[in-house]
Amino acid sequence: MHTNNSLRPSKVIDEEVKWDKSKTIISKTDPAGTILYMNDTFEEASEYNKIELIGEPHNVIRHPDMPKVVFKVLWDNLKQGNNFHAIVKNLTRTGRYYWVITDFDVEKDDHGKITGYTGRRKSLPESVIKKIEPLYKTLLEIEKVKGEKASELYFNSYLQEEVNSSYEDFVVNLFEGETANTKEADKQAPAKESGMIKKGLNWFFFGETNPK
């Protein structure tokens, strides 16, 4: 599905939008990524209302600072029925930005066919953004000069040579390190979180009840 460019801002502003970062952004899409539902927090963070975005492709909020290879890896995993954690910079209605980390439920019918996705997105620590942003900038520059395939080749080589892990494990490990640093600063952090990170980021997304 093609992006409705009339919904895109006329210019990009290097300014983070203000939103309640304690809340969880929730949306539902069909298998092609068409938005079927969005919660109030999605409206607040994106500066779009439901009337504008229902029926539109989710990539209407894709920020030009994001390398395409990250979304390729994300969609490759979702189409295989896998949950996927990705760090994403999104674009708002006024051209501002907000950073999130993703979590998904892959919905299937009785025959195992994928019928849609429920996505949850939460804010993430600034220190994690600072670690991932230089990689994204490099991937984007390669993409602009040499094309998407060259960017993908570098991305795969970087993961193999620099961090020796998949992209998702790289993301989870960034959170593991940040959580450890946070615990040093805040001794009141729940001790049970330590062993849960390697199983995924459920503790991060489901720490609150019925997020709105």
Side-chain angles (χ1 to χ4, degrees), residues 1-17 19 21 24-27 29 32-35 38 41-42 45-48 52-53 56-79 82-104 117 119-159 162-163 165-175 201:
M1 180 176 287
H2 296 293
T3 302
N4 184 350
N5 289 325
S6 67
L7 290 174
R8 301 274 292 179
S10 59
K11 63 179 180 178
V12 175
I13 304 170
D14 188 19
E15 177 184 325
E16 184 177 16
V17 71
W19 64 289
K21 294 183 178 181
T24 302
I25 297 169
I26 300 175
S27 64
T29 72
T34 304
I35 298 173
M38 55 189 281
T41 306
F42 195 152
S46 71
E47 302 183 301
Y48 287 95
E52 289 176 304
L53 288 192
E56 298 294 336
H58 209 287
N59 63 10
V60 72
I61 62 169
R62 184 177 296 186
H63 200 285
D65 286 350
M66 283 298 300
K68 293 179 180 178
V69 65
V70 173
F71 294 104
K72 181 181 183 300
V73 175
L74 187 154
W75 276 104
D76 284 349
N77 276 269
L78 291 182
K79 289 176 180 178
N82 302 324
N83 183 13
F84 196 75
H85 300 305
I87 295 173
V88 178
K89 185 178 186 180
N90 284 330
L91 184 68
T92 76
R93 187 70 167 98
T94 62
R96 293 170 175 80
Y97 69 86
Y98 60 101
W99 284 91
V100 292
I101 184 165
T102 67
D103 181 78
F104 292 93
Y117 309 100
R120 287 168 294 273
R121 296 160 187 85
K122 293 201 72 167
S123 177
L124 62 159
E126 185 67 27
S127 57
V128 174
I129 296 171
K130 288 181 178 178
K131 290 177 181 177
I132 199 81
E133 198 166 20
L135 172 61
Y136 284 6
K137 287 182 178 179
T138 299
L139 291 170
L140 192 62
E141 286 303 311
I142 295 174
E143 181 182 301
K144 289 177 178 178
V145 176
K146 295 290 187 68
E148 294 176 33
K149 184 60 179 178
S151 179
E152 183 179 0
L153 289 171
Y154 175 78
F155 190 39
N156 292 335
S157 296
Y158 175 89
L159 293 172
E162 297 283 342
V163 297
S165 72
S166 67
Y167 170 76
E168 186 176 29
D169 286 343
F170 175 46
V171 168
V172 174
N173 287 337
L174 285 180
F175 268 82
L201 294 173

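Just the heavy atoms: all of them, side chains too, but no hydrogens, waters or symmetry mates, feed the values below.
The six-membered or imidazole ring of Phe71 lies away from that of His58, with a centre-to-centre distance of 6.0 Å or more.
With sequence neighbours left out, Glu143 forms a salt bridge (Lys or Arg N to Asp or Glu O under 4.0 Å) with no residue at all. Take Glu15 and apply the side-chain contact (heavy atoms from CB on, under 4.5 Å) test, not counting sequence neighbours, and it matches Ile13, Arg96. In this structure Glu168 satisfies the side chain to side chain donor-acceptor pair (under 3.5 Å) test with no other residue, sequence neighbours excluded. Residues that satisfy the ring pair (Phe, Tyr, Trp, His ring centres under 6.0 Å) test with Phe84, not counting sequence neighbours, are Tyr167. With sequence neighbours excluded, no residue forms a side chain to side chain donor-acceptor pair (under 3.5 Å) with Glu126. Residues passing the side chain to side chain donor-acceptor pair (under 3.5 Å) test with Glu133, sequence neighbours excluded: none. Remark: Pro64 engages Arg8, Val12, Leu91 in a side-chain contact (heavy atoms from CB on, under 4.5 Å) (not counting sequence neighbours). When the salt bridge (Lys or Arg N to Asp or Glu O under 4.0 Å) test is applied to Arg93, the partners found at least two apart in sequence or on another chain are Glu52. Every residue was checked against the salt bridge (Lys or Arg N to Asp or Glu O under 4.0 Å) condition with Glu47, not counting sequence neighbours, and none meets it. Taking the side chain to side chain donor-acceptor pair (under 3.5 Å) definition, one finds that Asn156 meets it with nothing, sequence neighbours left out. By the salt bridge (Lys or Arg N to Asp or Glu O under 4.0 Å) test, Lys79 is found to be paired with no residue, residues two or more places apart in sequence or in another chain being considered.
Here the closest heavy-atom approach between residue Ala32 and residue Trp75 is recorded as C-CH2, 4.3 Å. Of all heavy-atom pairs between Val17 and Ala45, the closest is CG1-O, 3.4 Å. Of all heavy-atom pairs spanning Ile35 and Leu53, the tightest one is CB-O, 3.6 Å. Considering every non-hydrogen atom in both His63 and Asn90, the closest pair reads CD2-O, 3.7 Å.
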Tell me which donor-acceptor pairs under 3.5 Å the side chains of residues 144-152 have, and how far apart each pair is, sequence neighbours excluded?
from: Glu148; atom 1: OE2; to: Lys68; atom 2: NZ; distance (Å): 3.3
from: Ser151; atom 1: OG; to: Leu139; atom 2: O; distance (Å): 3.1
from: Glu152; atom 1: OE2; to: Lys72; atom 2: NZ; distance (Å): 3.4

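A distance of 10.5 Å separates CG of Asn173 from NZ of Lys131, quoted to the nearest 0.5 Å.
For the pair Ile87 and Leu124, the minimum side-chain heavy-atom distance is below 4.5 Å. A 4.5 Å side-chain heavy-atom check between Ile26 and Thr41 finds every atom pair outside the cut-off. Between Leu135 and Tyr154, the closest side-chain pair of non-hydrogen atoms falls below 4.5 Å. Looking only at side-chain heavy atoms (C-beta outward), Val88 and Arg121 stay at 4.5 Å or farther from each other.
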(message) Between Phe170 and Ile132, is the side-chain contact (heavy atoms from CB on, under 4.5 Å) condition met? List the steps.
(response) CA-CA 10 Å; Phe170 175 46; Ile132 199 81; 3.4 Å; yes
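Just one residue in the list Trp99, Tyr98, Trp19 forms a side chain to side chain contact (heavy atoms under 4.5 Å, CB included) with Ser123, and that residue is Trp19.
Under the 3.5 Å distance criterion, the side-chain polar atoms of Tyr48 are left unmatched by any main-chain donor or acceptor of Ile61.
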